[in-house]
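Just so we're on the same page: letters track the sequence lines, and every chain starts at 1. All of these numbers come straight from a predicted model, not from anything done at the bench. Values below: every heavy atom of this structure, side chains too, minus hydrogens, waters and symmetry copies.
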There are 2 protein chains.
Amino acid sequence: MFEPPVQRLIDELSRLPGVGQKSAQRLAFHILNAEEADAVRLADAISEMRSSVRLCDRCFNVTAEQECTICADLRRDTSSICVVERAQDIPVIERTQLFKGRYHVLGGARTPNDGVGPDQLRMRELVARVDTEGVVEVIAATNPTVEGDTTAMYLAQLLKPLGVKVSKLASGLPVGGDLDYADEVTLGRALVGRQEL
Amino acid sequence: MFEPPVQRLIDELSRLPGVGQKSAQRLAFHILNAEEADAVRLADAISEMRSSVRLCDRCFNVTAEQECTICADLRRDTSSICVVERAQDIPVIERTQLFKGRYHVLGGARTPNDGVGPDQLRMRELVARVDTEGVVEVIAATNPTVEGDTTAMYLAQLLKPLGVKVSKLASGLPVGGDLDYADEVTLGRALVGRQEL
């Protein structure tokens with residue numbers, strides 16, 4: 001219905017997650033009406049990110065170098081590894097400024113019954129790091145979902161025999177949240193994990 | 001916080017309308033993890049649309065040619081012009097298959113008190129078309145908002161002296177909607193514009 005070059009961009013945009021036909025149209029017309037330089041910068045940022053970014057040899061974080069900035073940082077504590085499902089989870093944890101170790105990106109989480117083995121999800125690579133990097137603790141920072149919890153449990157089974165401590169993030173009420181609005185599963189977790197004062 | 005090429009793309013994406021920091025991150029990581037070819041096609045679609053698209057000489061619709069496909073279509077009725085605020089409104093009206101004339105894109109709408117003159121919003125160009133194209137009716141298909149209605153009223157004042165009929169789209173209940181859910185302004189309009197059976 002739109003002129004071909006416009007329709008082509010709408011089609012490409014609507015392939016992005018969470019972008020429907022309607023918002024793809026809105027975005028395409030925004031880009032059409034924006035400054036030429038803005039449109040060029042957006043197109044360049046896409047191309048450049050794709051051509052310059054790779055995965056860290058050690059932890060599989062995204063990086064422009066062989067090692068990511070965290071692995072390359074000599075001040076980081078090498079005795080603890082925080083395991084995350086996806087690279088985008090790392091900056092979220094970094095923002096807390098409470099973890100000083102290194103990361104390991106699994107590349108996903110597995111559903112309870114599909115038999116997660118060390119070959120999936122870069123677990124073999126994690127085991128190798130635990131073996132060689134003098135790791136004392138592995139923190140499973142997987143998502144608080146059935147898949148994430150299953151993955152965390154599996155990590156514990158896999159790594160405890162190697163003599164490392166395996167922990168996972170606490171579940172409970174979000175800080176600043178309202179008890180009224182907590183779902184019963186979260187509230188249940190908060191109750192089971194209650195802390196003595 | 002992210003690696004520079006990733007952060008750069010997040011920054012560019014978050015400049016788009018309706019894309020917050022969080023969805024920009026999600027989109028950037030989607031593009032990062034997508035097939036190389038998909039990312040290239042998206043970047044190319046942006047660049048290509050910007051370089052190949054211009055405004056129709058006659059109606060200011062977007063086009064890859066000098067005239068848009070509608071103005072260039074000899075089967076269109078040249079005696080009626082449907083005036084829209086933005087080019088993206090045209091395919092919406094086309095989809096009804098009920099309008100066979102040509103369009104005119106104003107490029108926006110004006111607020112009641114800022115003195116809309118023929119110099120703004122390509123009204124001078126519209127007047128020139130009414131003068132020279134044998135136009136009999138102008139339909140104001142502006143948005144059903146205060147700004148759109150003000151613009152429609154202004155069009156009527158401007159064009160009626162030239163001897164053309166000026167109409168605007170009917171306001172009322174959306175077809176398939178539920179009376180319970182209609183806001184009072186829409187319901188008021190439906191009442192005032194009630195049609196005898």
Side-chain angles (χ1 to χ4, degrees), chain A residues 1-13 15-19 22-23 25-56 61-65 68-70 86-92 94-95 107, chain B residues 1-13 15-19 22-23 25-56 61-65 68-70 86-92 94-95 107:
Chain A
M1 203 59 118
F2 293 95
E3 296 284 317
V6 180
Q7 189 60 52
R8 211 139 49 223
L9 179 56
I10 292 172
D11 291 345
E12 291 301 329
L13 287 169
R15 296 164 61 109
L16 295 173
V19 179
K22 202 72 200 166
S23 23
Q25 279 177 31
R26 202 163 40 91
L27 291 175
F29 276 94
H30 173 88
I31 294 169
L32 187 62
N33 295 319
E35 294 292 320
E36 174 84 31
D38 287 350
V40 169
R41 267 210 316 281
L42 175 58
D44 286 353
I46 294 169
S47 314
E48 201 200 304
M49 182 191 70
R50 283 300 308 218
S51 60
S52 69
V53 158
R54 56 192 296 280
L55 298 183
C56 172
N61 186 10
V62 295
T63 175
E65 313 293 328
C68 75
T69 45
I70 294 170
R86 302 162 312 160
Q88 51 263 54
D89 299 330
I90 295 178
V92 183
E94 283 294 282
R95 241 170 265 144
Chain B
M1 203 60 121
F2 293 95
E3 296 283 318
V6 180
Q7 188 60 52
R8 210 139 50 223
L9 179 57
I10 293 172
D11 291 345
E12 292 301 329
L13 288 169
R15 296 163 62 108
L16 296 172
V19 179
K22 201 73 201 167
S23 22
Q25 279 177 31
R26 201 163 41 90
L27 291 175
F29 276 95
H30 173 87
I31 295 169
L32 186 63
N33 296 319
E35 294 292 320
E36 174 83 32
D38 287 350
V40 168
R41 267 210 317 280
L42 176 58
D44 286 353
I46 294 169
S47 313
E48 201 200 304
M49 182 192 69
R50 283 299 309 215
S51 59
S52 69
V53 159
R54 55 192 297 278
L55 299 182
C56 172
N61 186 9
V62 295
T63 175
E65 313 293 330
C68 75
T69 45
I70 294 171
R86 303 163 311 162
Q88 52 262 54
D89 299 330
I90 294 178
V92 183
E94 284 293 284
R95 241 169 266 144

- Query: Do you know which of A:Ala39, A:Ser51, A:Ser23 has the most heavy-atom pairs under 4.5 Å to chain B?
  - Reply: A:Ala39
- So which part of A:Glu94 gets closer than 4.5 Å to some heavy atom of chain B, the side chain, the backbone, both or neither? both
- Residue pair A:Leu27 / B:Pro17: nearest heavy atoms and the distance that separates them: CD2-O, 3.7 Å
- Note on the structure: Sorted by chain and number, sequence neighbours left out, side chain to side chain contact (heavy atoms under 4.5 Å, CB included) with A:Glu36 holds for A:Val40, B:Arg50
- Proximity breakdown for B:Arg86 and chain A, heavy-atom pairs closer than 4.5 Å: neither
- Using a cut-off of under 4.5 Å on heavy-atom pairs, state which of B:Ala34, B:Ala64, B:Ala28 scores highest against chain A. B:Ala34
- Note on the structure: Looking only at A:Gln25, A:Glu35, A:Glu65, the option with the highest number of non-hydrogen pairs under 4.5 Å against chain B is A:Glu35
- Can you see which heavy atom on A:Asp38 is nearest to which on B:Glu12, and at what distance? O-OE1, 4.2 Å
- The reported gap from CG in A:Leu32 to CD1 in B:Ile46 (rounded to nearest 0.5 angstrom) is 12.0 Å
Please set out all donor-acceptor pairs under 3.5 angstrom arising from side-chain atoms of residues 1-8 of chain A, sequence neighbours excluded.
{"residue": "A:Glu3", "atom": "OE2", "partner": "B:Thr69", "partner atom": "OG1", "Å": "3.0"}
{"residue": "A:Gln7", "atom": "NE2", "partner": "A:Asp11", "partner atom": "OD1", "Å": "3.0"}
{"residue": "A:Arg8", "atom": "NH2", "partner": "B:Glu48", "partner atom": "OE2", "Å": "2.4"}

- Query: If you tally heavy-atom pairs under 4.5 Å against chain B, which of A:His30, A:Gln88, A:Arg95 wins?
  - Reply: A:Gln88
- Query: Atom OG in B:Ser47, atom CG in A:Leu42: separation rounded to 0.5 Å?
  - Reply: 9.0 Å
- Message: Quick check on A:Thr63 against chain B: is it the side chain, the backbone, both or neither that has a heavy atom closer than 4.5 Å?
- Response: both
